[in-house]
Participant: 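Structure in structure tokens, see below.
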Protein chains: 2
Amino acid sequence: MASSPSEPVVRAWARLERAHRAAQTAVEARLKEAGLPPLAWYDALLELERAGADGLRPFELQREMLFAQYNLSRLIDRLVAAGYVVRSASAEDGRGQVLGLTREGRAMRKRMWPVYAAAIEDAVGRHLSLAEATTLADLLGRLYSRPTK
Amino acid sequence: MASSPSEPVVRAWARLERAHRAAQTAVEARLKEAGLPPLAWYDALLELERAGADGLRPFELQREMLFAQYNLSRLIDRLVAAGYVVRSASAEDGRGQVLGLTREGRAMRKRMWPVYAAAIEDAVGRHLSLAEATTLADLLGRLYSRPTK
DNA sequence: TCCATAAAGATGCAATTGCATCTATCTGGG
DNA sequence: CCCAGATAGATGCAATTGCATCTTTATGGA
């Protein structure tokens, strides 16, 4: 019988870790050396921008980013402290709040993009053809959706 | 003009982050619920086991794991404190040391494997065919090409 | 030989993450 | 209506990570 995670699966896992660490480190370094906030800020700002005028509930953002609840709570603290996000009470849910992007938040996201984009190109784009990038995105997408097996 | 990271590249990057976070979180949770040490311990123990009787220098382990120097230094502290690794002075390099695996270290790695393996299968294996896993491993490998290989 | 510089590793301190738990509100069944 | 969960979010505290810098030993010229 074949051993339970097959050799290619173990390999894929190991490389997922390494590739991610390498890319992540490189990208964070680029942002920092440009005097910009960390990656996670960009992600949050982008999701909020995409959400439009209605804003997002923290738990929605949490699911989108796959962030732990307590980490997100504190990430939001920092974004609010920096003036990029505003918290307001939710009208429909007394327990909850709604997050909105400020003008400064929108501006910061925009300001981060060129640096971030260049870093992504270096960390990922440079190494792959267009077709390969598409395949990679496809396969990675499968890892966090319901299995089809 | 084509934007500099092409859309598939950005997508691949975004999914690399998400997929990694999802898998990482799931695997760590499995280890913890089995009362076992974190992932990084396994990696280090495995590398040391592979290195055989000669052991490894911290900086070699650091390169292998893509770990920051100060993080590795402290990871080793913990492994030594747990009795899984021993530090000894390097014979050839007065600045350095050599790491060796203890019997307990070897045993712990072995003990972690079944739990780790099952978690990998759940996080990765379940979602992909054999051919897909191979392709994924291949593409991910391209992202962190080490110069001397 | 001597020195400037580089490499190996450690460490103090600040920021972030993880864990457990807490408060407050909401929801569904009796 | 009422209460036992469940859900949204915050938070105290411990562990880990990141950053800057330090010590010690190697190395490669002039």
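Keep in mind the model is a prediction, meaning the values are calculated, not measured.
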Participant: Which part of the nucleic acid, if any, lies within contact of B:Asp77, taking any heavy atom under 4.0 Å across all strands shown: a base, the sugar-phosphate backbone alone, or nothing?
Facilitator: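 Nothing: the residue B:Asp77, judged by heavy atoms under 4.0 Å, touches no strand.
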
Participant: For C:dG18, does the base pair up with any side-chain atom of A:Arg74 as donor and acceptor (N or O, under 3.5 Å, distance only)?
Facilitator: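 Indeed, a donor on one side and an acceptor on the other fall under 3.5 Å apart.
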
Participant: Give a yes or no on whether a donor-acceptor pair under 3.5 Å exists between the nucleobase atoms of D:dT24, that is its base, and the side chain of B:Arg95.
Facilitator: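 No pair found.
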
Participant: When the nearest nucleotide of DNA chain C is assigned to A:Asp93 and to A:Tyr70 on a heavy-atom basis, which residue is associated with the more 5' position?
Facilitator: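 Its nearest nucleotide being more 5', the pick is A:Tyr70.
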
Participant: Taking atom P of C:dG18 as reference, at what distance in whole Å does atom CD of B:Glu33 sit?
Facilitator: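 In whole Å, C:dG18 P lies 17 Å from B:Glu33 CD.
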
Participant: Once you round it to whole Å, what is the distance between P of C:dA10 and CG of B:Leu75?
Facilitator: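 So the CG-P distance, B:Leu75 to C:dA10, works out to 12 Å.
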
Participant: Rounded at 0.5 Å granularity, tell me how far CD in A:Glu121 sits from CH2 in B:Trp13.
Facilitator: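 Between atom CD of A:Glu121 and atom CH2 of B:Trp13 there are 13.0 Å.
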
Participant: How many Å lie between CG on B:Leu66 and C1' on D:dG18, as a whole number?
Facilitator: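 Whole-Å distance recorded here is 17 Å.
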
Participant: Measuring to OP1 and OP2 of D:dG9, would you say a side-chain N or O of A:Ser73 lies under 4.0 angstrom away?
Facilitator: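 No, because none of the side-chain N or O atoms of A:Ser73 sits under 4.0 Å from OP1 or OP2 of D:dG9.
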
Participant: With salt bridge (charged side-chain N to carboxylate O under 4.0 Å, His left out) as the test, would you mind laying out the steps for A:Arg63 and A:Glu60 before giving the verdict?
Facilitator: CA-CA 5 Å; A:Arg63 266 174 215 163; A:Glu60 296 173 305; over 6 Å; no

Participant: Looking only at side-chain N and O atoms, does A:Arg78 come under 4.0 Å of OP1 or OP2 in C:dT17?
Facilitator: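 It does, given that an N or O in the side chain of A:Arg78 lies less than 4.0 Å from OP1 or OP2 of C:dT17.
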
Participant: To the nearest Å, how far apart are A:Leu79 CG and D:dA10 P?
Facilitator: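 A:Leu79 atom CG is separated from D:dA10 atom P by 13 Å.
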
Participant: Between C:dA10 atom C1' and B:Phe59 atom CZ, what is the distance in whole Å?
Facilitator: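 Answer to the nearest Å: 17 Å.
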
Participant: Can you measure A:Gln97 atom CD to C:dC26 atom C1' for me and round it to whole angstrom units?
Facilitator: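 About 16 Å, once rounded to whole Å.
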
Participant: Can you check the A:Asn71 CG to C:dT16 P distance for me, whole Å?
Facilitator: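 Taking CG of A:Asn71 and P of C:dT16, I get 11 Å after rounding.
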
Participant: Check whether any side-chain nitrogen or oxygen of B:Arg87 sits under 4.0 Å from OP1 or OP2 of C:dA10, and answer yes or no.
Facilitator: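 Looking at the OP1 and OP2 atoms of C:dA10, one of them is under 4.0 Å from a side-chain N or O of B:Arg87.
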
Participant: Would you say A:Gln62 reaches D:dG9's phosphate, i.e. side-chain N/O to OP1/OP2 under 4.0 Å?
Facilitator: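 Result: no.
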
Participant: Does B:Arg50 pair with B:Glu64 as a salt bridge, N-O distance under 4.0 Å?
Facilitator: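 No, no charged N to carboxylate O under 4.0 Å.
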
Participant: Between A:Gln69 and A:Trp41, which has a closest nucleotide on DNA chain C that is more 5'?
Facilitator: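 First, find each residue's nearest nucleotide; the 5'-ward one identifies A:Trp41.
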
Participant: State the CG-CD distance between A:Asn71 and A:Gln62, to the nearest 0.5 angstrom.
Facilitator: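 Interatomic distance, A:Asn71 CG to A:Gln62 CD, rounded to 0.5 Å: 10.0 Å.
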
Participant: Mind calculating the distance between CD1 (A:Ile76) and P (D:dT11) to the nearest angstrom?
Facilitator: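 Those two atoms, CD1 and P, are 12 Å apart.
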
Participant: Is the ring pair B:His20/A:His20 parallel, tilted or perpendicular, if the boundaries are 30 and 60 degrees?
Facilitator: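 Parallel.
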
